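These notes concern the structure reproduced below.
Each chain gets a letter, A, B and so on, in the order its sequence line appears, and its residues count up from 1. The model shown is predicted, which means the values in this text are computed figures rather than measured ones.
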Amino acid sequence: MSSHPMTSRPLYFIILSFLFTFFPSCGGSSIALAQAEPIDIATTQMIPDSEQVVVEPVTSLIAADHKYDDGGMIDLSWVPSIDDQLVASRVIGYKVYRIEDEGEPEMISELAPGSNTYNDQSVERGKLYSYFVSTLSINAETPSVRTAPIEPQREWLNYELLNVLIMALVLGGAVIYFIETARRGKKLFVRKIAGLEAVDEAIGRATEMGRPILFIPGILDMDDVQTLAALTILGRVARIIADYDTKIFMPVSRSLVMTAGRETIKASYQAAGRPDAYSDDMVTYITDEQFGYVAAVDGIMVREKPATCFLLGAFFAESLILAETGNSVGAIQIAGTARPAQLPFFIAACDFTLIGEELFAASAYLSGEPKQMGSLKGQDVGKAIAMAAILIGILTVTIGDAWNVEWIQNITTGLVDVFSTR
Amino acid sequence: MKRQVPIIITFLIGMIMIFSFFIPPLEGLEQTCSLFFDVIAVFAFFLGGGNLMRIHVNKLRRRKKDWGFSIVTLGGFFIMLAAGLLKIGNPGGIAASPTTEGSLLQEIFTYVFLPLQSTMYALLAFFVASASYRAFRAKNREATILLIAAFVILLGRTPFGMLLTGWIPESFSVLQVPNMAIWIMNSPNLAGQRAIMIGIGLGVISMSLRLILGIERTYLGDESA
Amino acid sequence: MLDAAFSIPLVALSDIGRVISLMFIGAGLLWILIRSLRAKEVDRRIVFLFIFIAVAAPILFPITFQERATLIVRKVFDKVESLPAGSKVLLAFDFDPAMAPEVQPMADAISRHCLTKGHNVIFMTLWATGQALLTQSLERVVKGEFPENRDGVDYINLGFKAGNENVLNIIVTDFRMMFPTDVNGVPLDSTSIFDDVRSCKDLDLIISIGGGKPGVKEWVLYVGDRVNVPMGAGVAAVVAPQLYPYYPKQLLGLLGGVKGAAEYESELVRQYPHLEERGTPGLRMMGPQTLAHMVIMAFIVIGNISFFISRRRERKR
Amino acid sequence: MEHFALWLGGFLTLGIFSFLYKDNPWYKLTEAIYVGISAGYFVVVYFWDNFYSKFWVGVFPHKRLNEAGELVAGVEPDYWLIIGGVLGLLMLMRLLPKVGWISRWPLAFIVGATAGLWLINYFASFVMVQIQNTVTPLFGADYNASLFVIVGNIVVAVGTFTGLIYFFFSKEHKGAFGSAARVGIFFLMITFGASFGYTVMSRMSLLIGRIDFLFGDWLGMIR
């Protein structure tokens with residue numbers, strides 16, 4: 001930082017400048033203060049008008065590296081011109097200029113009166129940038145002083161998200177801990193989930209009736225977790241189906257899901273010792289288009305008359321069309337989705353519905369393996385934390401507000417900080 | 001090799017994706033991955049499209065039931081392929097976007113595809129009615145609550161709601177059905193939504209960890225799972 | 001009981017088509033009720049048929065139901081109604097074509113109401129895509145129905161200004177800084193409507209109609225909260241629940257979705273019956289909606305009756 | 001043409017509606033048309049948007065054509081995309097029975113990326129944000145909430161809390177815990193009932209749109 005006279009500046013400016021002179025990398029960022037350098041550039045030419053309205057420039061212009069990014073942003077802040085007033089203001093706006101590597105100034109943005117910040121997102125690492133802001137009146141433009149050149153910095157860890165990382169590690173740790181505990185043979189209790197208790201019975205029913213089982217894994221592709229959840233459940237379901245020697249049919253709306261579905265069913269048949277009973281025709285691709293797929297599946301439902309339908313995964317408006325058609329052919333339906341908007345329709349039209357979290361827990365539950373069950377116990381730790389946070393948070397914020405107790409208010413602030421995501 | 005490599009790939013990629021959230025230099029990784037995904041999905045389309053053709057050609061060859069409709073499906077499929085890949089009738093020529101207004105692809109889209117799509121969507125109105133007729137019955141306590149909540153909201157959205165409870169004085173206007181509907185949407189409904197969402201978040205964490213750690217591997221065709 | 005619901009003087013029966021379709025629905029429901037009293041389930045195709053008729057009949061033979069405005073809507077209506085003639089009302093058209101079917105009926109009804117009362121109306125929009133819709137309403141309602149009203153005297157169109165909430169930030173203190181002229185380039189100073197209007201403070205009522213951002217929320221935060229001018233709003237149905245918290249403090253009232261529009265229209269028509277022929281799109285769209293809702297509710301009731309009866313019979317055995 | 005398009009639209013619309021009565025050849029025909037053209041449409045869109053614009057142009061940028069049909073150069077090729085291409089090719093190995101197992105590699109990649117990405121995103125926006133949102137003063141921020149707002153706030157707090165209890169897996173729903181879980185279910189049921197009732201109106205609008213088309217645009221029966 002340069003050693004320009006700073007006596008006329010506020011005290012904090014001097015302190016800041018000193019800080020950044022001696023600790024330029026303090027906090028992983030640097031701040032460039034406006035230098036008192038006069039500038040003369042083409043854009044500041046005054047219009048030779050008798051009634052020229054000259055306005056005061058902005059002051060205290062600061063350019064600072066945007067924290068915790070990859071070095072692609074610089075934050076500007078300033079104190080608006082004293083002529084920028086709510087009533088009868090003579091300022092009609094501001095222009096932000098940037099000078100890249102001591103080149104020509106370039107206007108990068110025009111802002112409305114009253115503005116006092118700007119984020120320049122078009123900078124690159126390894127280049128030096130300095131800025132000035134000019135104040136616009138109806139017919140004149142007054143530039144501010146220029147900031148010292150500044151280089152955007154890259155940071156390696158986003159400290160603002162540290163709380164998220166810690167919370168994620170706590171939760172992940174809890175899940176892994178209980179998986180390990182279970183693996184070592186400790187018995188863990190898991191309550192019954194009605195929709196999943198019914199799976200065996202639903203498959204058995206199809207076997208008795210000699211009708212197929214329809215498995216719909218939602219309409220999204222493999223890049224959605226709900227589809228993954230559906231496939232993990234498919235693995236368990238297909239295993240039971242193979243044991244019962246029932247027919248499964250799985251029309252899908254995505255090619256990748258078709259591939260993954262075939263792998264899954266094939267493996268389940270192999271595990272059941274019946275690889276010969278598997279055929280690729282169990283899984284067919286129809287079309288990627290939402291309602292085209294629905295039209296075809298509806299047709300399949302009324303023609304094949306499945307005894308059991310699984311509707312698990314990501315569903316949109318089609319949820320009810322499929323569930324109602326399935327119901328009309330007399331199928332037992334087990335549905336599940338994590339889309340809150342579609343859950344009501346499944347609840348209304350299906351026999352069993354896995355609500356949100358239960359969908360993701362289903363494959364662990366169906367597997368019956370201790371280590372998988374352990375992961376469910378880990379989830380419960382998360383719920384306990386959430387419930388405690390909600391309880392404490394509401395109590396402290398209410399009491400703190402009511403009696404204005406500072407230490408209670410501090411608890412609230414701390415708690416909110418722990419759960420903030422930015 | 002067959003079994004271990006996929007599990008290692010899943011583990012590594014999963015871990016990188018989790019931690020990239022906290023590491024600014026990796027912030028573009030999400031987009032890169034979704035780009036990879038798009039590219040893989042296109043290749044996979046050969047498998048899906050191939051499957052579609054195989055099924056319908058088989059149906060045709062074996063003269064299975066309803067084989068005539070397979071001709072229609074295949075015909076529609078190939079017409080769209082030709083129209084889109086060769087950009088037939090595209091006013092902008094081969095360089096223009098395939099969905100340019102006036103091209104054969106877009107014409108078929110507008111005049112065939114859109115009516116089909118919106119009609120299929122409109123079927124929902126019928127199914128909403130039949131589902132509510134069947135499902136909203138006071139079979140037990142839960143079902144009764146479901147029924148009451150739905151009925152209040154439905155009533156609140158018709159002039160009937162105001163007609164029935166409009167006499168309630170202003171100071172108790174909260175008891176008027178339309179206002180009750182608003183209150184239900186804003187309070188108990190919000191609570192339920194939040195509980196569901198927190199649960200979903202936790203469920204996803206647990207399932208994703210099982211996948212990343214290789215505990216859950218049915219999707220990989222691993223028969224030992 | 002159920003067919004009685006349709007014979008209440010809810011409906012202005014003037015057309016044979018309406019009578020027949022309503023009688024069909026009413027008689028049909030009665031028949032189904034009798035059947036379910038004998039514990040017979042209704043085939044879903046009959047439900048489908050009823051829904052089809054309930055939606056199609058009001059479209060073919062327009063049926064409008066007399067809406068009674070809820071308090072939250074009536075507050076807005078009463079405010080417009082109680083202001084003395086010549087009051088300055090600002091109407092913001094902050095929506096795009098996608099939202100228009102839901103909110104434009106409100107905008108039209110409120111414009112019509114204001115002009116009928118002789119208020120001076122200032123039109124503007126913060127949405128580039130709202131400009132065309134504003135012009136549409138202006139041509140149809142303002143110029144079409146009130147040809148005697150003069151631009152710049154009884155109403156003015158400020159048009160669109162880019163800048164989102166920044167525009168509000170400025171007009172809250174000075175209109176002329178953001179809008180030196182109206183949409184046609186006429187300086188505000190030369191219009192009599194702006195004679196004694198300097199900023200939003202000088203208005204008597206502000207009504208923001210929209211459903212996105214910038215929209216009602218921004219109007220409340222940047223204008224309503226800062227000046228002591230009553231504010232009303234009209235929004236798309238999906239957004240409405242997020243805005244209820246502002247009522248009644250920051251917003252004197254709120255119109256939500258087609259239903260809000262229909263309630264306002266009905267209140268307007270009740271007060272000024274001659275306005276009915278000018279069109280009530282909100283009420284018209286509510287016809288099929290309401291009938292379908294009623295049919296669904298009737299089926300829920302019937303379903304429960306047959307459920308209870310069959311359960312009682314089972315118990316007797 | 002206009003006339004033909006209207007009649008085609010009417011024919012297809014009624015074809016779909018006929019399914020409500022029962023499955024029939026008319027519906028089968030419309031279904032076959034729908035599946036065929038929609039699958040074809042998506043192949044085309046994926047090909048141009050994903051394969052051509054993202055992959056091909058990304059790797060060979062000099063091939064890019066601008067609006068006027070001229071070759072545009074000067075964009076750096078993105079060789080990372082080749083990894084995506086290789087993964088895609090590995091996927092196609094399924095077609096060869098001998099090396100079909102290798103298609104599990106791209107699948108493993110996708111599963112890993114999806115699981116990792118959603119793990120952290122769901123955690124941040126579904127868990128953290130929702131907990132934070134629930135922490136609000138029961139009596140309103142400026143302490144002047146009306147009785148109904150206070151009741152509403154308490155209901156939100158109690159509902160969220162008991163709703164979470166319902167989802168507990170590792171504890172039997174018995175005793176006080178069981179009662180709390182039951183309250184939780186009640187809240188979930190109100191949520192489902194309310195959301196269902198709320199959506200009915202927007203679903204009706206869709207049907208109104210189609211019937212408007214049938215009677216208005218097509219048959220011209222509406223003035």
Fill in the blank from the handout: Looking only at heavy atoms, the pair that brings B/Leu146 and D/Met189 closest together is CD1-O, 3.2 Å
Problem - Minimal non-hydrogen separation, D/Phe196 against B/Ser132, with atom names - result: CE2-CB, 4.0 Å
Which bit of [X] is near chain D, if near means a heavy-atom gap under 4.5 Å: side chain, backbone, both or neither?
X        : value
B/Ile196 : both
B/Ile8   : neither
B/Leu85  : both
B/Ile205 : both
B/Ile153 : side chain
B/Phe136 : side chain
B/Phe45  : side chain

Taking every non-hydrogen pair under 4.5 Å, which of [options] racks up the most with chain D?
options                               : result
B/Phe46, B/Phe126, B/Phe151, B/Phe127 : B/Phe126
B/Gly199, B/Ala44, B/Ala195           : B/Ala195
B/Asp66, B/Leu74, B/Thr32             : B/Asp66
B/Ile18, B/Leu202, B/Thr158           : B/Ile18
B/Met207, B/Met17, B/Met197           : B/Met197
B/Met120, B/Met15, B/Glu107, B/Arg141 : B/Arg141

Looking at chain B, which one of [options] has the largest number of heavy-atom pairs inside 4.5 Å, strictly under?
options                               : value
D/Val127, D/Thr30, D/Leu107, D/Leu95  : D/Val127
D/Phe192, D/Phe17, D/Phe187, D/Phe11  : D/Phe17
D/Tyr34, D/Phe123, D/Phe19            : D/Tyr34
D/Phe42, D/Phe161, D/Tyr166, D/Phe167 : D/Phe167
D/Ser125, D/Gly163, D/Pro106, D/Ala39 : D/Ala39
D/Ile165, D/Asn121, D/Val45, D/Thr134 : D/Thr134

So do the side chains of [X] and [Y] get within less than 4.5 Å of each other, counting heavy atoms only?
X        : Y        : answer
D/Tyr41  : B/Leu105 : yes
B/Val204 : D/Phe126 : no
B/Leu35  : D/Trp80  : no
D/Leu90  : B/Phe43  : no
D/Val155 : B/Trp183 : yes
B/Val39  : D/Phe51  : no
B/Asn189 : D/Ser195 : yes
D/Ile131 : B/Ile198 : yes

Part of [X] within contact of chain B (heavy atom distance under 4.5 Å):
X        : answer
D/Ile154 : neither
D/Thr114 : neither
D/Ala124 : side chain
D/Ile110 : side chain
D/Phe213 : neither
D/Asp49  : neither
D/Leu164 : both
D/Leu81  : both

Practice task
Please confirm whether the backbone N or O of D/Ala108 pairs with a side-chain atom of B/Thr10, one donor and one acceptor, at under 3.5 Å?
Solution key: yes
Practice task
Indicate yes or no for a side-chain donor-acceptor contact from D/Trp48 to the backbone of B/Gly84 under 3.5 Å, with no hydrogens or angles considered.
Solution key: yes
Practice task
Show the numbers, then the answer: is there a side chain to side chain contact (heavy atoms under 4.5 Å, CB included) between B/Phe69 and D/Glu31?
Solution key: CA-CA 9 Å; B/Phe69 297 111; D/Glu31 177 201 321; over 6 Å; no
Practice task
Assess the pair B/Phe37 and D/Phe109: is the distance between their ring centroids shorter than 6.0 Å?
Solution key: no
Fill in the blank from the handout: Contact list (residues 47-54 of chain B to chain D, heavy-atom gap under 4.5 Å, by number) returns B/Leu47, B/Leu52
Fill in the blank from the handout: Filtered by a 4.5 Å non-hydrogen cutoff, the part of residues 108-118 of chain B contacting chain D is B/Ile108, B/Phe109, B/Tyr111, B/Val112, B/Phe113, B/Pro115, B/Leu116, B/Gln117, B/Ser118
Completion exercise
residues 115-128 of chain D vs salt bridge (Lys or Arg N to Asp or Glu O under 4.0 Å), sequence neighbours excluded, gives none
Exercise for the section: Name all pairs fulfilling the salt bridge (Lys or Arg N to Asp or Glu O under 4.0 Å) condition that reach into residues 28-49 of chain B, sequence neighbours left out, sorted by first residue then second. Expected result: B/Asp38-D/Lys54
Exercise for the section: State whether D/Tyr198 and B/Arg157 meet the cation-pi test: NZ (Lys) or CZ (Arg) under 6.0 Å from the six-membered ring centroid, and within 45° of the perpendicular axis. Expected result: yes
Exercise for the section: Could you please spell out the steps behind the side chain to side chain contact (heavy atoms under 4.5 Å, CB included) verdict for B/Glu142 and D/Arg182? Expected result: CA-CA 9 Å; B/Glu142 284 86 12; D/Arg182 262 187 96 72; 3.6 Å; yes
Practice task
Could you give me the CA-CA distance, side-chain angles and deciding distance for B/Ile79 and D/Ile37, then say whether side chain to side chain contact (heavy atoms under 4.5 Å, CB included) is met?
Solution key: CA-CA 8 Å; B/Ile79 288 174; D/Ile37 63 159; over 6 Å; no
Problem - Nearest-0.5 Å distance that lies between atom OG in B/Ser20 and atom CD1 in D/Ile120 - result: 9.0 Å
Problem - From CA spacing to verdict: side chain to side chain contact (heavy atoms under 4.5 Å, CB included), B/Arg194, D/Val156 - result: CA-CA 9 Å; B/Arg194 277 196 185 146; D/Val156 171; 3.6 Å; yes
Handout entry: Exceeds 12 heavy-atom contacts within 6.0 angstrom, atom CZ of D/Phe215
Key = yes
